[in-house]
Amino acid sequence: MKLKSQINNVIKDAFTKAGIEHEPMSVSEATKPEFGDYQFNGAMALSKKIGKNPREIAQNILDNIDLTGVLSKAEIAGPGFINLWLNPLWIGAQCQTALEDERLGISIRENPIKVVVDYSGPNMAKQMHVGHLRSTIIGDTLANLLTFLGDEVIRQNHIGDWGTQFGMLIAYLEMKDEDGSVSLKDLEQFYKDAKGEFDANADFANKAREYVVKIQSGDAHCLNLWQKFIDISLGHCEEVYEKLNVNLTRDDVRAESFYNDELPKVVEVLADKGTLQESDGAQCVFLEGDEIPVIVQKGDGGYLYATTDLAALWYRAEVLGAKRISYVVDARQAGHFKQVFRVAKEAGFVPEDVKLEHIAFGTMMDKGGKPFKTRDGGTVKLIDLLDEAVVKAKETINNKEDYTPEQVDELAKIIGIGAVKYADLAINRESNYIFNWDKMLSFEGNTSLYMQYGYARIQSIFRKYNAPIEGEIIIGDALEHRLATMLLRFEDVLSRAAVDASSNQITTYLYELVTLFMRFYEQNPILKGGIDEEVKMSRLQLANLTAKTIKQGLDILGIKVVDKL
RNA sequence: GCACUCAUAGCUCAGCUGGAUAGAGCAUCGGUUUGCGGUACCGAAGGUCUCAGGUUCGAAUCCUGAUGGGUGUACCA
């Protein structure tokens, strides 16, 4: 239900009837319940354009506003605000419609576009660490969200599988002379060992360098080893994706190496356009206003990540046909993407109408506000963090004796992983955020457990009331009215979150929804004695729609729900 | 040096295209129960939105400057 545009239409009609030629600005949610459900603030803005005083304009709009359908009441307040009340009959009916629909009344985009979401992007030389968490889950949420709204989403995992370090790694793999399944269990250690050998053993170092060249020139033996290495390393990542409940598969992988053949062409095209300049032996594009050039080819002839990114942009826009390309990458790379996007547009790798965006996010910090590290200063492996979350989640489960050990484990997984993801997604992605176990595993405040608890509580109602539900949703009091309105806002929230790629708009909404439901439920009994049958039916349906909305919202965030906690 | 970014309650954070008395949670203090899941709900207290100007009928939000923090600054990705 596109609630806001429904209300906007009513205002628009009022404008037409009132003979106001201007396009009305959009209504917004009322800041307080006393001010109604929505408010229209456009009268003040119009006052100068039309040359009348705002209250007069507001009165004119008010006189022409239709109060028989969507709205039931409208009032002028203050300098010219128009406060709007939704019609209880109408919102009741709309909730009913939503409840009967699989998609909860949320429309599928009429003009869907192809969107590439580039996220996760682990380095095959190392194990995934906490730094990959945000890219992975923010990107996954964006992809889930756009898919749900009807866009054609192409997930792209731009893994780092190319570069000088791989010569060293496969040379070391060969030296160990085994299939890799043992020594690659701990990539971090393997990398360290290889590096140790590289530094200590000149013969090995030479061989490593030799292997870099061999891979790049397509030597079968080396490529074979390299492939084996990548397969195992990617397998580690997939374990993490599985644990994280993230929808990335091998089909989504377009590695750096995938673009190898295109790299010389990128440089050629730029040279043909005349945008290329040599500087200190390197091939560069100097952008107007930027001091630092974009280097696309090194002095020794090698290519750089900007080159690969340009090739990838071309591939995504021209081959895949994307109209929106979203890079979910650490905010520190803002400068890089700004430049690469400009070059891509100016050189025509990407058509003008394609939207390129860097979905930047901040760093994960520890309690002291420092970048998140292990006690000895190393990076925290993502898999360890997730396992710890599950262990800690287990401690929060109260009546373990009600479940089998397997059920407890399953529950702990859902709760623990959900808590980590929710805590991250609930923060405005652009700011750094402080990682805090106690906070994220708390049942209080804007946490996943509060949502889970709310959801489980509703499920408990339906376990108790196991009979057919008939009748209509009747909006009887103020809390029901607010709850129903909140439920109908879901699509507006999702649309907005899709534009801004901001998951925290979804979490904020869910938190408000659950809070509102808890209040509603506190004051409006459902299954207690003395409740009128019609009212009971109505409230059961509101509860049901609330639960479905929570579930759908968390599903987009990639978080599972459980019926019992 | 230059560029980008952030600054909101003791703490952690919301605040959408500028709108009415700036909102939550934690912590503090107080209240609600013969309890449909109290891991809940209600209330109190807590703010010169870093500072100084400007634009506007109207600014936490937009612009300029200052201060303080973070990040980036050509052949790594």
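Predicted, not measured: the structure shown is a model, and the values here were computed from it.
Rounded to whole Å, atom C1' of B:rA40 lies 14 Å from atom CG of A:Leu565. In this structure, A:Ile427 atom CD1 and B:rA14 atom C1' are separated by 9 Å, rounded to whole Å. Atoms CG (A:Asn428) and P (B:rC16) sit 10 Å apart, rounded to a whole Å. Between A:Tyr511 atom OH and B:rC41 atom P there is a gap of 8 Å when expressed in whole angstrom units. Taking atom CE of A:Met124 as the reference point, atom C1' of B:rA77 lies 13 Å away to the nearest angstrom. Computed from coordinates, the A:Tyr521 OH to B:rU39 P distance equals 14 Å when rounded to whole Å. Residue A:Met25 contributes atom CE, which lies 19 Å from atom P of B:rU56 at whole-angstrom precision. Separating the CD1 atom of A:Ile458 from the P atom of B:rU39 is a distance of 17 Å, rounded to the nearest angstrom.
If you check B:rG43 for Watson-Crick or wobble pairing at under 3.5 angstrom, you find it paired to B:rC29. In this structure, B:rG38 makes no Watson-Crick or G-U wobble pair, since no nucleotide meets both defining distances under 3.5 angstrom. Of the nucleotides present, B:rC2 is the one that pairs with B:rG72 by Watson-Crick or G-U wobble criteria, both distances under 3.5 Å. The partner of B:rG23 is B:rC13, by the rule that a Watson-Crick or G-U pair needs both atom distances under 3.5 Å.
Separating the P atom of B:rG15 from that of B:rU61 is a span of 15 Å, rounded to the nearest Å. Using atom C1' as the reference point in both B:rU12 and B:rA7, the two lie 15 Å apart (nearest Å). The gap from the C1' atom of B:rC6 to that of B:rC49 amounts to 14 Å, rounded to the nearest Å. Here the separation of B:rG47 from B:rU8, taken at their P atoms, is 15 Å to the nearest Å. Going from the C1' atom of B:rG53 to that of B:rU67 covers 15 Å, rounded to whole Å. Taking atom P in both B:rA59 and B:rG54, the straight-line distance is 12 Å, to the nearest Å. As rounded to the nearest Å, B:rC41 and B:rA20 have P atoms that lie 27 Å from one another. Using atom C1' as the reference point in both B:rC51 and B:rA14, the two lie 24 Å apart (nearest Å).
Contact annotation for A:Gln283: no contact, since no heavy-atom pair falls under 4.0 Å across all strands. Looking at heavy-atom distances under 4.0 Å, A:Lys464 makes contact with sugar-phosphate atoms alone, never a base. Heavy atoms of A:Asp309 sit nowhere under 4.0 angstrom from any nucleic acid atom. As judged by a 4.0 angstrom heavy-atom cut-off over every strand, A:Tyr465 is placed among residues making no nucleic acid contact. Across all strands shown, A:Tyr303 has heavy atoms under 4.0 Å from sugar-phosphate atoms exclusively, and none from any base. Residue A:Asn53 is out of contact with every strand shown, counting any heavy-atom pair closer than 4.0 Å. Using a 4.0 Å heavy-atom cutoff across all strands shown, A:Met44 reaches at least one base atom of the nucleic acid. Within the 4.0 angstrom heavy-atom criterion, base atoms lie near A:Glu29.
Inspection of the A:Ser538 and A:Gln541 side chains reveals no N or O donor paired with an N or O acceptor under 3.5 Å. One side chain, A:Glu357 or A:Ser326, offers a donor N or O that lies under 3.5 Å from an acceptor on the other. With 3.5 Å as the limit, one finds a donor-acceptor pair spanning the side chains of A:Asp424 and A:Tyr433. Between the side chains of A:Asn41 and A:Gln39, a donor-acceptor pair is found at a separation under 3.5 Å.
Taking a cutoff of 4.0 Å between a charged side-chain nitrogen and a carboxylate oxygen, A:Arg482 and A:Glu480 do not qualify as a salt bridge. Between A:Arg254 and A:Asp118 there is no salt bridge, since none of the side-chain N atoms of the basic residue sits less than 4.0 Å from a carboxylate O of the acidic one.
Between the side chain of A:Thr307 and the backbone N or O of A:Tyr303 there is no donor-acceptor pair closer than 3.5 Å. In terms of modelled atom types and a separation under 3.5 Å, the side chain of A:Ser442 and the main chain of A:Glu444 share a donor-acceptor contact. Here the side chain of A:Glu278 pairs no donor or acceptor atom with the backbone of A:Ala282 at under 3.5 angstrom.
Nearest nucleotide to the side chain of A:Glu522, out of B:rC16, B:rC36, B:rC41: B:rC41. Taking every side-chain heavy atom of A:Lys4 into account, B:rC16 is the closest of B:rC41, B:rC16, B:rG37. Nearest nucleotide to the side chain of A:Ile434, out of B:rC36, B:rC13, B:rG19: B:rC13. The side chain of A:Thr508 lies closest to B:rA14, out of B:rG70, B:rG19, B:rA14. For A:Arg457, whose side chain is taken as the heavy atoms from C-beta onward, the closest listed nucleotide among B:rC36, B:rC13, B:rG38 is B:rG38. Of the listed nucleotides (B:rC57, B:rG19, B:rC42), B:rC57 has the atom at the smallest distance from the side chain of A:Lys48. With distances taken from any side-chain atom of A:Asn504 to the nucleotides B:rG35, B:rA14, B:rU17, the minimum falls on B:rA14. Taking only side-chain atoms of A:Glu444, from C-beta outward, the nucleotide of B:rG37, B:rC4, B:rC26 with the closest atom is B:rC26.
Along RNA chain B, the nucleotide closest to A:Gly302 and the one closest to A:Asn446 are compared, and the more 5′ of them pairs with A:Asn446. A residue-by-residue look at A:Ile397 and A:Gly42 shows that A:Gly42 has its nearest nucleotide of RNA chain B further toward the 5' end.
Side-chain to base pairing of A:Asp330 with B:rA77: no donor and acceptor N or O lie closer than 3.5 Å to each other.
Put simply, the residue from A:Thr379, A:Leu187, A:Leu382 that forms a side-chain contact (heavy atoms from CB on, under 4.5 Å) with A:Gln127 is A:Leu187.
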I'd like a table of atom pairs between the protein and nucleotides 71-74 of chain B - only N or O on both sides, under 3.5 Å - with the distance next to each one.
| residue | atom | partner | partner atom | Å |
| --- | --- | --- | --- | --- |
| B:rA74 | N1 | A:Ser279 | OG | 2.9 |

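A 4.5 Å side-chain heavy-atom check between A:Asp309 and A:Phe337 finds at least one atom pair inside the cut-off.
Look at A:Ser431 and you'll find a side-chain N or O under 4.0 angstrom from OP1 or OP2 of B:rA14.
Here A:Tyr453 does not lie in a stacked arrangement on the base of B:rA40, lacking the combination of planes under 30° and ring centres under 5.5 Å apart.
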